[in-house]
Amino acid sequence: MAATEAVEQGRAAFDRYAWDDAYRMLSEADHATPLEAADLERLGTAAYLTGRDEAAVEDLGRAYQAFLELDGIDRSVRCAFWLGVTLLLRGQHARGGGWLGRAGRLVEERLPQSVERGYLMVPAGLQTLPKDPSAAYRIFGDVVAVADEFADADLTALGQLGLGQALVAMGDAPRGVAMLDEAMLCVTNDDVSPIAAGIVYCAVILACRDIFDVGRAEEWTAALSQWCAKQQGIQPYRGQCLVHRSEIMQLHGHWADAMAEVYQACEHLSAQPGNPVMGMAQYQRAEILRLRGRYADAEAAYREAASYGHRVHPGMALLRLAQGHIQDAYAAIRREVSDAAERPVERSKVLAAYVPIALAAGDTDAATLAAGELFDLAERFDSPYLRAMAGSVRGAILLSEGDYATACTALRAAWWAWQEVVAPYEAARLRVIMARAYHALGDHDTAEMELDAASLVFEQLGAAPDLLNIVEISKRSVAPAAGGLSAREVEVIRLVATGVTNREIANTLVISEKTVSRHISNIFGKLGLSSRTAAAAYAYDHDLI
């Protein structure tokens with residue numbers, strides 16, 4: 001294909017948001033004959049949007065120089081700005097700062113009264129935000145004023161985003177999220193460029209997380225997914241954003257998708273040695289592994305997170321609790337709750353974990369204090385998510401105190417709150433706790449129905465430890481007469497029925513893989529079975545699930 005034809009096709013692909021095709025065609029043309037400045041900018045943009053970050057840096061850098069040689073100072077500044085911002089988001093502060101410094105010098109010398117001046121206010125506002133939200137609010141107000149003066153959609157979205165972030169940081173969440181919603185509307189209405197869209201979305205998700213607005217984060221995630229579906233090859237999410245998307249997916253019961261998202265984050269971050277966001281990604285990976293009962297793999301992931309400087313609690317403490325090391329868990333979570341970060345998101349997770357660990361250690365008073373603080377956070381943020389979390393721990397404390405009737409009432413209210421948030425795993429765990437209360441009250445039929453409902457959810461998610469917990473709680477006899485299975489063999493066949501591997505069974509039951517293989521061989525022999533599929537069918541047919 002002739003270079004000129006490849007350029008034309010690349011431009012056409014770029015205009016219809018076919019980013020992979022645009023990159024391929026323009027790259028092919030560039031190898032034949034160096035592209036002109038505008039096409040280099042297109043090539044760099046297509047590279048960034050398809051996840052080719054290093055190629056994007058090179059191509060946008062070439063575009064910057066090409067525009068400079070043509071005296072296209074405004075376009076040079078814009079290339080330098082996006083280079084600086086995207087490098088900063090990757091944790092490459094020296095390179096990013098260098099490009100922003102170049103852009104600032106050009107604006108000061110050549111374009112003092114331009115829209116580009118507004119763009120260069122954005123990094124200044126972001127730097128100011130953590131230290132002085134009020135000052136950052138004023139800076140972003142100036143950004144929006146410049147954007148309005150020049151009718152620049154990208155700058156408008158970035159300015160509104162900054163105003164929303166500043167308002168949230170100042171404690172004015174209602175006005176803040178309204179401004180964030182305006183910024184996101186610019187994205188989903190196709191008013192802004194795709195690079196700006198990805199930056200706005202990830203920042204909005206982080207802000208929603210910080211104020212526990214799970215519903216808004218989910219709504220904008222769905223809207224942006226529809227927006228992305230219209231664009232070939234687009235990868236608008238980067239490391240930290242992918243981790244937060246994984247957290248949302250996990251909450252809503254999409255554990256396989258959540259794990260895929262966090263693996264994508266790890267792959268993306270592997271090209272950025274030392275980026276602390278890798279610690280966040282490894283911690284999220286460990287959380288899903290822990291819930292699935294893959295304890296050895298989870299511990300390895302927690303340790304990997306720690307190597308990047310990320311906190312490993314409360315997850316590691318909950319892992320120790322699941323392994324039966326109660327005192328180790330309690331020592332860790334006590335220390336964590338005493339010096340936990342002031343950010344409410346992290347604090348709430350530590351408090352929610354502190355309660356069951358304290359109860360397991362027999363310290364009801366400490367659990368009650370932690371639950372009270374969690375309730376205060378729920379009131380402060382008026383968050384359904386926090387109300388569900390606080391109601392759950394309150395119900396667990398009432399159960400531990402023997403107030404079964406009141407516990408049932410509190411747990412049922414918390415269950416409805418989890419239903420509102422659409423958190424199937426948390427809701428199922430509450431049903432198990434309710435079943436314990438119903439059994440204590442002598443209402444065994446209701447208890448077993450709660451366990452049956454919870455079991456279905458745990459099977460779908462692959463939550464092997466919770467399935468084993470149901471076996472221990474259920475009052476139904478698991479009679480070995482059908483095949484003479486021992487109690488341990490019942491645990492093994494139950495896990496086989498969930499589709500997990502021998503290694504995962506070994507992790508869950510804290511035994512060796514060799515012992516698991518021996519149990520499975522004994523099960524096959526006793527029941528006259530020849531495959532894991534047949535064993536799973538037997539477990540279902542004989543109510544072992």
Polar side-chain atom of Thr368 near backbone of Thr364 as donor-acceptor pair, under 3.5 Å: yes
Got a salt bridge between Lys526 and Glu489, using NZ or NE/NH1/NH2 to carboxylate O under 4.0 Å? yes
Decide side chain to side chain contact (heavy atoms under 4.5 Å, CB included) for Leu161 and Phe140; before the verdict, give the C-alpha distance in whole Å, the side-chain angles of both, and the deciding distance to 0.1 Å. CA-CA 9 Å; Leu161 172 66; Phe140 286 116; over 6 Å; no
Salt-bridge test for Arg320 and Glu299: reply yes if a basic N is under 4.0 Å from a carboxylate O, no otherwise. yes
Are the charged groups of Lys349 and Glu346 less than 4.0 angstrom apart, N to O? no
Could you please spell out the steps behind the side chain to side chain contact (heavy atoms under 4.5 Å, CB included) verdict for Leu321 and Ile333? CA-CA 10 Å; Leu321 178 66; Ile333 202 68; over 6 Å; no
Any salt bridge linking Lys230 with Asp190? Criterion: basic side-chain nitrogen under 4.0 Å from a carboxylate oxygen. yes
Paired with Phe458, the side chain to side chain contact (heavy atoms under 4.5 Å, CB included) test is passed by just one of Leu291, Val432, Thr498, namely Val432
Would Arg311 and Glu336 pass as an ion pair if we require N to O under 4.0 Å? yes
Go through Tyr302 and Glu287 one step at a time and tell me if the side-chain hydrogen bond (donor to acceptor under 3.5 Å, both in side chains) criterion holds. CA-CA 8 Å; Tyr302 284 128; Glu287 289 288 87; 2.3 Å; yes
For Ile288 and Ser246, what are the C-alpha separation, side-chain angles and deciding distance, and is it a side chain to side chain contact (heavy atoms under 4.5 Å, CB included)? CA-CA 10 Å; Ile288 301 172; Ser246 176; 4.1 Å; yes
Do Glu448 and His439 touch side chain to side chain, with heavy atoms closer than 4.5 Å? yes
Check whether the side chains of Glu450 and Thr446 place a donor and an acceptor atom closer than 3.5 Å, and report yes or no. no
For the student: nearest non-hydrogen atoms of Ala464 and Leu495, plus distance: CB-CD2, 3.2 Å
Where Leu386 and Leu377 come nearest, the two heavy atoms and their spacing: CD1-O, 3.6 Å
Assess whether side chain to side chain contact (heavy atoms under 4.5 Å, CB included) is satisfied between Trp227 and Ile234, documenting all intermediate values. CA-CA 10 Å; Trp227 179 81; Ile234 192 168; 4.0 Å; yes
I'd like to know if the side chain of Ser455 and the backbone of Leu451 have a donor-acceptor N/O pair within less than 3.5 Å. no
Result of checking Gln250, Met249, His252 against Asp257 for side chain to side chain contact (heavy atoms under 4.5 Å, CB included): Met249
